[in-house]
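Written out below as C-alpha cells is the structure these notes cover.
Along the sequence shown, the residues carry numbers beginning at 1. Only this structure's heavy atoms are used, side chains among them; waters, hydrogens and symmetry mates stay out.
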Amino acid sequence: MNSLCIAGVVLTISNPYLIQDASFLLSMFGTFGIGVAAPWMTKRMCRKGSLFRILRSLIEMTCVSVCIFPVTILYFQEVSVITPIANLLLVPIASAMLLLSLFIFLTGGVGFVAKPICFLLHLLYDLLMLLSNGLQQLVPITFPTG
C-alpha cells in the first residue's frame with residue numbers, strides 16, 4: 001500500500017491532472033486490487049494443493065475486477081461481463097506466450113531454438129484468438145450503464 005501511494009504521488013508531481021486520466025486510475029486501482037485487496041482476502045486460506053492456486057487466482061481476478069469497476073463505470077459507462085471469464089482462460093495462455101518469447105530473446109533467436117518455439121507460439125496465438133472469438137460470440141461483451 002505504501003509503495004502504491006508513493007508511486008501515485010511521484011507520478012502526479014509533474015502532472016497533477018494525471019489523477020483524472022482513466023488509464024492512470026485503472027492502473028492504480030488494478031494494482032491496489034492485486035497488491036493489497038487480494039493478499040488481504042487470501043491470507044487465511046490453506047496454502048496447499050492446486051485447488052488453492054485456482055481459488056487464489058479466482059479471488060485475485062475478482063478483487064481486480066471489483067476495484068476497477070467504479071472507474072470503468074465512471075469513464076466508459078459500460079460493464080464487461082466477459083472479462084472475468086476471459087481472464088481465467090486467456091491470461092495463462094498469454095503468460096506462456098510471453099515466457100516463450102523471453103526465452104527466444106535470451107537465446108538470441110538462434111534458428112534451431114527459435115524455430116520450434118515460434119511454431120509453438122503460433123499455435124498458442126491461434127488458440128488465443130479462437131477462444132477470444134468464441135467467447136465474444138457466446139457472451140454479450142458489455143452492458144451500457146449510461
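- Considering only heavy atoms from C-beta on, T72 comes within 4.5 Å of L26 through its side chain.
- A donor-acceptor pair under 3.5 Å is absent between the side-chain atoms of Y75 and the main chain of S23, judged by distance alone.
- Taken together through direct or relayed side-chain contacts under 4.5 Å among Ile, Leu, Val, Met, Phe, Trp and Tyr, L120 and V91 form parts of separate hydrophobic clusters.
- Both W40 and L55 are assigned to one and the same hydrophobic cluster, defined by single-linkage of ILVMFWY side chains at heavy-atom distances under 4.5 Å.
- Between P39 and G35, the shortest heavy-atom distance links the atoms CG-O, 3.3 Å.
- In plain terms, the two heavy atoms of L124 and M97 that are nearest each other are CB-CG, 3.7 Å.
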Full working for side-chain contact (heavy atoms from CB on, under 4.5 Å) between L89 and I93: CA-CA 7 Å; L89 297 173; I93 297 170; 5.8 Å; no
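- L99 contributes atom CG, which lies 11.5 Å from atom CD1 of I104 (distance to the nearest 0.5 angstrom).
- Atom-to-atom distance recorded for I19:CD1 and L11:CG is 10.5 Å, nearest 0.5 angstrom.
- Hydrophobic clustering of Ile, Leu, Val, Met, Phe, Trp and Tyr side chains at less than 4.5 Å, counting indirect connections, keeps V10 apart from Y17.
- Two different hydrophobic clusters hold L98 and L100 under the rule that ILVMFWY side chains link at heavy-atom gaps under 4.5 Å.
- Across every non-hydrogen atom of T12 and F24, the tightest pair is CG2-CZ, 3.8 Å.
- Between M28 and G8, the shortest heavy-atom distance links the atoms CE-CA, 3.5 Å.
- Residues meeting the side chain to side chain donor-acceptor pair (under 3.5 Å) test with D126, sequence neighbours left out: H122.
- Using a 4.5 Å heavy-atom threshold, the side chains of L121 and Y125 count as separate.
- Residues I117 and F112 share a hydrophobic cluster, clusters being chains of Ile/Leu/Val/Met/Phe/Trp/Tyr side chains in contact below 4.5 Å.
- In this structure, S27 and T31 approach most closely via the heavy-atom pair O-OG1, 2.7 Å.
- Residue G111 comes nearest to P116 through the heavy atom pair O-CD, 4.3 Å, listed as atom of the first residue, atom of the second, then distance.
- Heavy atoms from other residues, nucleotides or ligands lying under 6.0 Å from CE of M41 number 12 at most.
- Rounding to the nearest 0.5 angstrom, the gap separating the CG atom in L106 from the OG atom in S101 is 11.0 Å.
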